[in-house]
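Report on the structure given below.
Residue numbers begin at 1 in each chain, while the letters A, B, ... track the order of the sequences. Hydrogens, waters and symmetry mates play no part in the numbers below; they use all other heavy atoms, side chains included.
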Amino acid sequence: MSLYEAFPVSLTNSLTKQKEKFEPLVPGHVGMYVCGPTVYSDVHLGNVRTFMSFDVITRYFRYLGYKVRYVRNITDVGHLVGDVDEGEDKIAKKARLEALEPMEVVQKYTNGFHDVMRLFNIVAPSIEPTATGHLVEQIEFIRQLMDNGFAYEKAGSVYFNVRKYNETHHYGELSGRNVDEMLSNTRNLTGQDQKEDPLDFALWKKAEDGHLMHWPSPWSEGFPGWHLECSAMSTKYLGTTFDIHGGGMDLKFPHHEAEIAQNKGCNHEGGAQYWLHGNMLTVNGRKMAKSEGNGFTPEELLTGNHKLLERGYSAMTVRFFMLMSHYGSTLDFSNEALQAAEKGYKRLTAGLMLLDKLPPAGTGTTDLKKSEALKALADQALTNMSDDFNTSKTLASLFEIVGKINTFYQNPSEIAQIDTDSWDYVTQHFSGIIKDVLGLTVETEATGNNQLLDGTLNVLIELRKHAKFSQNYELSDKIRDDLKAVGVQLKDEKGGGMSYNID
RNA sequence: GGCGCUGUGGCCGAGUGGCUAGGCAGAGCUCUGCAAAAGCUCGUACAGCGGUUCGAAUCCGCUCAGCGCCUCCA
């Protein structure tokens, strides 16, 4: 029996607003599409949260034994600037400001995005398609929509006919709206006179004079509209129907709603079976966003060089911090919470490292009850992950195992009572979940590999052992205190051993 | 205005109709030359007011507070 059969996944489907059992279209395989970043500026920590959430989801599916095709796009064209620069492309605008070629902007921020993903140990998607690389597919998609009667051309631009679509479908099924209510609430935007209806959205926009990014099409020299790329690329790589579509909560409307309409209008199928939405990272209760001025970049986070930050925090601390909450809940950023997370993360990874120092299990009389109880903790961790990827509950289970590990370290007689099969099972999943699923790496490993530092510290430790043995506590305390002052913490262990930790 | 969400002990944050979340901080104890770490124990919580129920923080209603989307947005 495979792991995914033993621990069947259930997830909250935004489409039905219910928690459902996950049943992939193709047994043993998962196709997932997640909306990636628009590469016209640096990503901030709020962006990172969403990608981290779907990173954990991907990792967990793979851990369970699924083959996952994870598609996450790069939006390098097509999102229009909303206000004054009506109709101008965000990336084109930025290019002019920075006096760069548009693709130079794209490349710069794409590279930056990848650096950030690596920093937070977020696995690369199986396919990372770009909008500019799929213009042929998008044009074909528009053509099909026009053939099906859901799109019309006006002065070189093509629009999706929401009213027409809504006659046979429900525009608003994902976001819980309906067309009639929306009509009375639509703002009067300028520059929309070409549309037949304010609800309609652009599939193709004719480029104005001076517009930097444009491509030929049957309708005009122009560029694709806001929502098209995701429909075209998910269909190309995952099919007209696929398992999961993910993205940030703020994309639900209109982006994802439009995507569904495009998919159904073109393919007669609605794309994803399950829609997953990651919630926002907030600061003082407000969404972290560039426009709010409350966003900071990962670099500022590490250095602490931002007015919201009391000091810097490591990438793994932040990763742990984000894992403490459920992806579907808002998470509020604060220095207190980060500092608490830092210690929690250290406690967890300390347990992980202690595993290697533990005496072997099963050397005494096996206590079946204790063995089973321990094993149950590992099962619990997996059950919690399968319950809508509840990393928060999973961490709680893992911390219970940490407590056991610490106890075993202090009382070897306890671990002797655990049968080896149970112990292997627990340790395998304990470290597997931490490293492979949660994607937490042990940050102190780097210093452990520094042989010069390690050797030097061992000299000092030997000195202190001598001092301590001869009851020269003044000297032994001085060594300990002075090392502490430079960030190295010595710990006396039972039996006269000493170990060190680097903060 | 429309649609939706949240309000948990000092802080962060899970959660289910009755059974321990967990992390951080705090108190006591054990261990220890002293520390640190670790282990054990503890506090006491579910915005307010009603209702349903044998029983609700968990379901329903109202009130208050806050947030998201409706415009690019993870």
Side-chain angles (χ1 to χ4, degrees), chain A residues 17 34-38 40-41 43-54 75 78-83 85-86 90 172 175-178 180-187 189 226 246-255 257 277-282 284-292 295 320-321 324-326 328-348 350-351 354 380 384 387 390-400 402-407 409-411 468 471 473 476-477 480-481 484 489-494 499 501:
Chain A
K17 291 153 190 71
V34 172
C35 293
T38 304
Y40 71 99
S41 67
V43 291
H44 62 246
L45 205 58
N47 306 109
V48 171
R49 188 184 180 204
T50 299
F51 301 127
M52 194 182 289
S53 296
F54 289 101
T75 297
H79 282 211
L80 306 172
V81 172
D83 40 31
D85 304 292
E86 196 63 42
K90 251 186 188 172
S175 54
R177 298 154 203 248
N178 65 62
D180 293 329
E181 285 169 1
M182 278 189 272
L183 263 185
S184 55
N185 290 309
T186 304
R187 295 194 329 180
L189 293 172
W226 324 359
M249 203 76 102
D250 49 353
L251 295 183
K252 213 178 198 176
F253 189 90
H255 183 60
E257 201 68 75
H277 285 98
N279 218 320
M280 300 293 103
L281 180 69
T282 62
N284 296 322
R286 292 189 168 273
K287 175 181 170 183
M288 183 180 282
K290 194 176 285 297
S291 54
E292 291 271 345
F320 183 90
F321 163 70
M324 287 203 306
S325 73
H326 188 255
S329 306
T330 55
L331 172 64
D332 199 55
F333 173 90
S334 70
N335 283 280
E336 294 77 10
L338 260 291
Q339 280 157 28
E342 189 172 69
K343 294 196 177 173
Y345 160 71
K346 277 185 180 165
R347 179 174 157 79
L348 185 67
L354 206 52
Q380 200 182 77
N384 290 337
D387 181 9
N390 197 320
T391 52
S392 184
K393 279 205 291 186
T394 300
L395 282 175
S397 304
L398 294 178
F399 273 112
E400 298 221 25
V402 169
K404 297 291 180 195
I405 291 171
N406 288 330
T407 299
Y409 186 63
Q410 288 186 351
N411 300 308
K468 202 180 152 190
Q471 300 197 347
Y473 295 126
S476 83
D477 286 355
R480 188 173 64 195
D481 294 345
K484 169 93 177 161
Q489 183 158 81
L490 290 188
K491 288 186 213 172
D492 292 346
E493 299 180 335
K494 281 189 176 169
S499 64
N501 269 7

Task: Spacing between A/K17 atom NZ and B/C3 atom P, to the nearest angstrom - done: 13 Å
Open item on the list: Please report the distance, rounded to the nearest Å, between CG in A/N178 and P in B/G2.
Closed with: 13 Å
Task: Per A/Q410 side chain, nearest of listed nucleotides B/G2, B/C34, B/G39 - done: B/G39
Open item on the list: Under 5.5 Å centre to centre and under 30° between planes: does that hold for A/F51 and the six-membered base ring of B/A74?
Closed with: no
Open item on the list: Rounded to whole Å, please give me the gap between NE2 in A/H255 and C1' in B/C69.
Closed with: 15 Å
Give each protein N/O atom lying under 3.5 Å from an N/O atom of nucleotides 63-68 of chain B, with the pair distance.
unit_1 : atom_1 : unit_2 : atom_2 : d
B/C67  : OP1    : A/R286 : NH2    : 2.7

Task: Minimum-distance nucleotide (side-chain atoms of A/D477 versus B/A74, B/A38, B/G33) - done: B/G33
Task: Interatomic distance, A/N279 CG vs B/G7 C1' [rounded to whole Å] - done: 14 Å
Task: Pairing residues for A/F333 by the ring pair (Phe, Tyr, Trp, His ring centres under 6.0 Å) criterion, not counting sequence neighbours - done: A/F296
Task: Separation of atom CG in A/D332 from atom P in B/C12, rounded to whole Å - done: 8 Å
- [ ] Calculate the interatomic distance between A/L331 atom CG and B/C5 atom P; express it in whole Å.
- [x] 20 Å
Task: d(NE2, A/H326; P, B/G13) in whole Å - done: 14 Å
Check nucleotides 19-26 of chain B for protein N or O atoms closer than 3.5 Å to its own N or O atoms and list the pairs.
unit_1 : atom_1 : unit_2 : atom_2 : d
B/A21  : N1     : A/S392 : OG     : 3.1
B/A25  : OP1    : A/K343 : NZ     : 2.8

TODO: Kindly indicate whether a cation-pi arrangement holds for A/R177 with A/F253, taking the cut-offs as under 6.0 Å to the six-membered ring centre and within 45° of the axis.
DONE: yes
